[in-house]
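Working notes for the structure below.
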Number of protein chains: 2
Amino acid sequence: MGGKDTRARIVEAAMELFWEKGFSSTSIADILSRSQVNSGSLYHFFPGKQDVLLAVLEGYRDGIDEMLLGPAWNGIDDPVERVFALLALYRRLIVETECQYGCPIGSIALELHDADPIIRQRLAENFTGWVDAVEACLRSAEGRFRPGTDYRALAEMALNVMEGGVMLSRTFRDVAPFDRAVAQYRAYLDALIEKEAAL
Amino acid sequence: MGGKDTRARIVEAAMELFWEKGFSSTSIADILSRSQVNSGSLYHFFPGKQDVLLAVLEGYRDGIDEMLLGPAWNGIDDPVERVFALLALYRRLIVETECQYGCPIGSIALELHDADPIIRQRLAENFTGWVDAVEACLRSAEGRFRPGTDYRALAEMALNVMEGGVMLSRTFRDVAPFDRAVAQYRAYLDALIEKEAAL
DNA sequence: GTCTATAAAAGGATAGAC
DNA sequence: GTCTATCCTTTTATAGAC
């Protein structure tokens, strides 16, 4: 009954809808009907639609451990394998949605062409959080990579591979492009590791 | 005066607008005003907005040589360098637009969440054309790569690197992520080539 | 904080004369 | 093929009682 509950329902509904239909294609009416909230309540908590998006992006940012990394890394200890476990989670999402999955952050990042600076900031924070997590994994397996390895760039590469793979798999309605992308990334890491071993 | 001219003006205006603002955020009125065409004429040539998008995507697909590959490869003969020249063209676009550039195909692929099969087909054709061109480059430098190299996957990797790099550079308003992505791709190709040399 | 009703504008698309 | 006028729906947002 508290207002907090209502606000949370709005954000949760918007999270789902923005992911399913995108930001522009989701109407306030859609959010109201899914969250079972009336117009007056929504505008009591949020000045406008953009502010709902802001809250959604903050939700993703603050929930990355619980919503994404935790589930992905459950039972996986090896830091490099954690990177691939994260990618495997996306693969599962692709398969579960019959190849309609889109990364909610990436989709919004490309959908909004003249996003408010504050929105862009939140998108950037989401990407940064993701890359930070992957970088930490790679860096904690430091011994395996050759000295001078650019862990930041390597972690960003994982993001690029994921985003590109998701984009292609959705367009072709086929997991194969995603799988090929991950396989290439694996081959790249292996090359960096083998190289070291060969010295 | 011929209708052909009008149709072309509409498609050209829509191409620009979809790229600048996205599909959903571009209104028919926007297209009419930029192309200096009246409502009646547009609906004479196209049943609806989606059909304009279809024509735009066919324009990109059919114009890849003239609009993209030709300019990118002007004066570049080495097939592997052509891949990087293509990526360098995107870099130029990023810089010229002060990091607001988005790949027109990738943006639409992520913006439309339940695209008509025919639209998805056109998006797929665009990606396929791009990857085909890069694959042909890599394959024609076959001697340099180790036997058993998956040229298709390697070419798709170039696309993923480009799309991911563009996404990050736009979000962070900074070319650096794009540059890092390309540098990693270069390092990967080098690793595949050096490896061969080492055998 | 929540409810209903509604304003105010923008959107896609059509009609019918020329 | 092109023109103007306009219909109809959707959309964001507000008003004001409770």
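None of these values were measured; they are calculated from a predicted model. All chains are named by letter (A, B, ...) in the order of the sequence lines, taking the proteins before the strands, and each is independently numbered beginning at 1.
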Next on the checklist: Tell me the interatomic distance from A:I10, atom CD1, to D:dA13, atom P, rounded to whole angstroms.
Outcome noted: 14 Å
Next on the checklist: How many whole angstroms separate atom CG of B:D5 from atom C1' of D:dG1?
Outcome noted: 12 Å
Checklist entry - Out of D:dT2, C:dA13, D:dT11, which nucleotide sits closest to the side chain of B:I28? => result C:dA13
Next on the checklist: Quick check on A:D132: does its CG atom have over 12 non-hydrogen neighbours (other residues, nucleotides or ligands) under 6.0 Å away?
Outcome noted: yes
Checklist entry - For the base of D:dT4, is there a side-chain donor-acceptor partner from B:S39 under 3.5 Å away? => result no
Checklist outcome for this item: With the side chain defined as heavy atoms from C-beta on, A:K49 is closest, among D:dT12, D:dG1, C:dA13, to D:dT12
Next on the checklist: Distance check needed: C:dA10 P versus B:I31 CD1, whole Å only.
Outcome noted: 17 Å
Item to check | Flag for B:S27-B:D30: side-chain donor and acceptor within less than 3.5 Å | outcome: yes
Checklist entry - Is the distance from OP1 or OP2 of D:dT14 to the nearest side-chain N or O of A:Y43 less than 4.0 Å? => result no
Checklist entry - 5'-most contact on DNA chain D: A:F23 or A:G40, nearest heavy atom basis? => result A:F23
Checklist outcome for this item: note: B:H44, atom NE2; D:dC3, atom C1'; distance rounded to Å ~ 13 Å
Item to check | Between C1' of D:dT14 and CZ of A:F46, the distance in whole Å | outcome: 18 Å
Item to check | Quiz item: B:T6 side-chain donor-acceptor pair to D:dT2 base, under 3.5 Å | outcome: no
Checklist entry - Without hydrogens or angle criteria, can the side chains of A:Q184 and B:Y188 be said to hold a donor-acceptor pair below 3.5 Å? => result yes
Next on the checklist: Rounding to an integer number of Å, can you tell me how far B:L32 CG sits from C:dG11 P?
Outcome noted: 11 Å
Item to check | Electrostatic pair A:D116:A:R122 at N-O distance under 4.0 angstrom | outcome: no
Next on the checklist: Under 4.0 Å, heavy atoms only, any strand: does A:T26 hit a base, just the sugar-phosphate, or nothing?
Outcome noted: sugar-phosphate
Checklist entry - In terms of side-chain heavy atoms of B:N38, which of D:dT2, D:dA13, D:dC3 is nearest? => result D:dC3
Checklist entry - When you measure from the side chain of A:S41, which nucleotide among D:dC3, D:dT12, C:dT2 comes out closest? => result C:dT2
Next on the checklist: Rounding to an integer number of Å, can you tell me how far B:Q36 CD sits from D:dG1 C1'?
Outcome noted: 17 Å
Item to check | Note: B:K21-B:E111 ion pair, threshold 4.0 Å (strictly below) | outcome: no
Checklist outcome for this item: Here the distance between atom P of D:dT11 and atom CG of A:L42, to the nearest Å, is 15 Å
